[in-house]
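Written out below as structure tokens is the structure these notes cover.
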Amino acid sequence: MRASLIQIAVDPDEPVNSRRRRAASLVREQRERHGADLVVLPELWPTGAFAYTSFVDEAEPLEGPTYEVMAEAAAGAGVWLHAGSIVERDPEGPLYNTSLVFSPDGELVRAYRKIHRFGFDTGEAVLMGAGEELVTVRAADLTFGLGTCYDLRFPELFRGLVDAGAQAFLVPAGWPARRRDHWTLLTRARAVENQAYVLACGTAGTHAGMEQAGHSIVVDPWGEVLAEAGPAEEVLTVELDPARVAKTREQFPALKDRRLR
Ligand SMILES: O=C(O)CCC(=O)C(=O)O
């Protein structure tokens, strides 16, 4: 299967609706020009991951404006779409950092609420609720486990996703440029230790004073970097093969040697 990662720039001068339309047209373009089966967008690209002060105003219901535009984009292009994440306003509860995955007919197949909230005792950690559910999704011929940005620092989440059948991980992010070395290290580590693909899609640009790392990355189950973006808006397209996961796990069966569960 072919996957495209859209490292969209979050420019605070661009109205959110214009960014939504631009994202939708980039999704269609990945299908039309590159034959993508799966398209991935980054974390909180409508608002910006560090725009904490606007979270309350910009929050939207699960089936709000981003959902509508993205459902239509997935159906129009006929692709699997991980539409990145939004600030979700749960009518019964707090805000959540929620990722949306659509099928090629525009159905929302899974939503994942970020489990590890970033900010210690500020930002997401105080403004948002923590997700509690591990989420996997079968798209085309691979099972994907979902994580979001800061989740990358918690290997037990990814191991749990492997136990639930994941062969690849989709990780939307808004990673700061100042910790880019951690981003590269952690994405490769999660791939090597789990013998799984990692598709990590970040934002570009600077918002709320935080320069974004960009450098979206796709790592194969042996830890090799298949593609890596620069810091600016860019799209990566890669081929994924379930046989590569099976072969790595068969030829170097470290996952079978686990002793602690
Ligand atoms: O863990 C990090 O260094 C960055 C995490 C982050 O920016 C986020 O989760 O939004």
Side-chain angles (χ1 to χ4, degrees), residues 5-12 16 19 23 40-56 58-60 66 82-89 94-100 111-135 145-161 169-191 193-194 198-217 219 228-229 231-233:
L5 280 62
I6 300 176
Q7 177 173 291
I8 197 165
V10 181
D11 173 357
V16 178
R19 190 154 48 250
V40 187
L41 279 158
E43 180 188 32
L44 299 181
W45 58 270
T47 44
F50 288 91
Y52 299 137
T53 49
S54 65
F55 277 2
V56 175
E58 307 259 1
E60 45 185 308
T66 303
H82 183 311
S85 71
I86 59 165
V87 181
E88 179 202 350
R89 182 187 303 285
L95 306 178
Y96 290 98
N97 183 335
T98 304
S99 294
L100 309 172
Y112 165 67
R113 287 173 166 170
K114 185 177 183 180
I115 291 177
H116 303 95
R117 297 159 300 170
F118 185 61
F120 310 110
D121 36 13
T122 63
E124 282 186 353
V126 291
L127 289 168
M128 291 182 156
E132 287 179 359
E133 195 196 352
L134 267 64
V135 176
L146 306 189
T148 304
C149 203
Y150 186 52
D151 280 336
L152 269 176
R153 294 186 183 271
F154 300 87
E156 62 276 19
L157 166 62
F158 292 82
R159 188 47 61 85
L161 291 166
F169 304 118
L170 296 177
V171 188
W175 200 272
R178 60 168 83 132
R179 288 189 294 280
R180 179 156 78 82
D181 49 348
H182 288 192
W183 165 255
T184 315
L185 199 63
L186 291 165
T187 47
R188 293 192 69 191
R190 297 297 82 88
E193 73 201 0
N194 294 298
V198 172
L199 287 77
C201 181
T203 44
T206 297
H207 60 262
M210 189 65 78
E211 185 190 348
Q212 297 295 286
H215 283 268
S216 295
I217 190 166
V219 190
E228 185 174 355
E233 183 161 305

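Each ligand, and each atom within it, is numbered from 1 in the order the structure gives. Predicted, not measured: the structure shown is a model, and the values here were computed from it.
Selection from E43, H182, R153 by nearest heavy atom to atom 2 (C) of ligand 1 gives R153. Considering each of A213, A49, C149, the one bringing a non-hydrogen atom nearest atom 6 (C) of ligand 1 is C149.
A donor-acceptor contact shorter than 3.5 Å links the side chain of Q7 to the backbone of H215.
At least one N or O atom of K114 sits closer than 3.5 Å to an N or O atom of ligand 1. Here's the thing with T148: none of its N/O atoms is less than 3.5 angstrom from an N/O atom of ligand 1. Taking any N or O of Y150, backbone or side chain, at least one lies under 3.5 Å from an N or O belonging to ligand 1.
Heavy atoms of P176 found under 4.0 angstrom from ligand 1 belong exclusively to the side chain.
Given atom 7 (O) of ligand 1, the protein heavy atom at minimum distance is F50 CZ, 3.3 Å.
Taking the six-membered ring where tryptophan is involved, the planes of W183 and W175 are tilted, since the angle between them lies from 30° to 60°.
A pairwise comparison of heavy atoms in A125 and G119 identifies CB-C, 4.2 Å as the closest pair.
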Checking side chain to side chain contact (heavy atoms under 4.5 Å, CB included) for the pair D151/Y112: CA distance, chi angles, key distance, verdict?
-> CA-CA 12 Å; D151 280 336; Y112 165 67; 2.6 Å; yes
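Within the listing of ligand 1, atoms 7 (O) sit less than 4.0 angstrom from a heavy atom of G174. Residue-ligand proximity, R179 to ligand 1, at heavy-atom distances under 4.0 Å covers atoms 2 (C), 3 (O), 4 (C).
For E211, the CD atom is loosely surrounded, since the number of other residues' heavy atoms within 6.0 Å does not exceed 12.
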Please set out all donor-acceptor pairs under 3.5 angstrom arising from side-chain atoms of residues 45-55, sequence neighbours excluded.
unit_1: W45; atom_1: NE1; unit_2: A83; atom_2: O; d: 3.0
unit_1: T47; atom_1: OG1; unit_2: L44; atom_2: O; d: 3.4
unit_1: S54; atom_1: OG; unit_2: A51; atom_2: O; d: 2.9

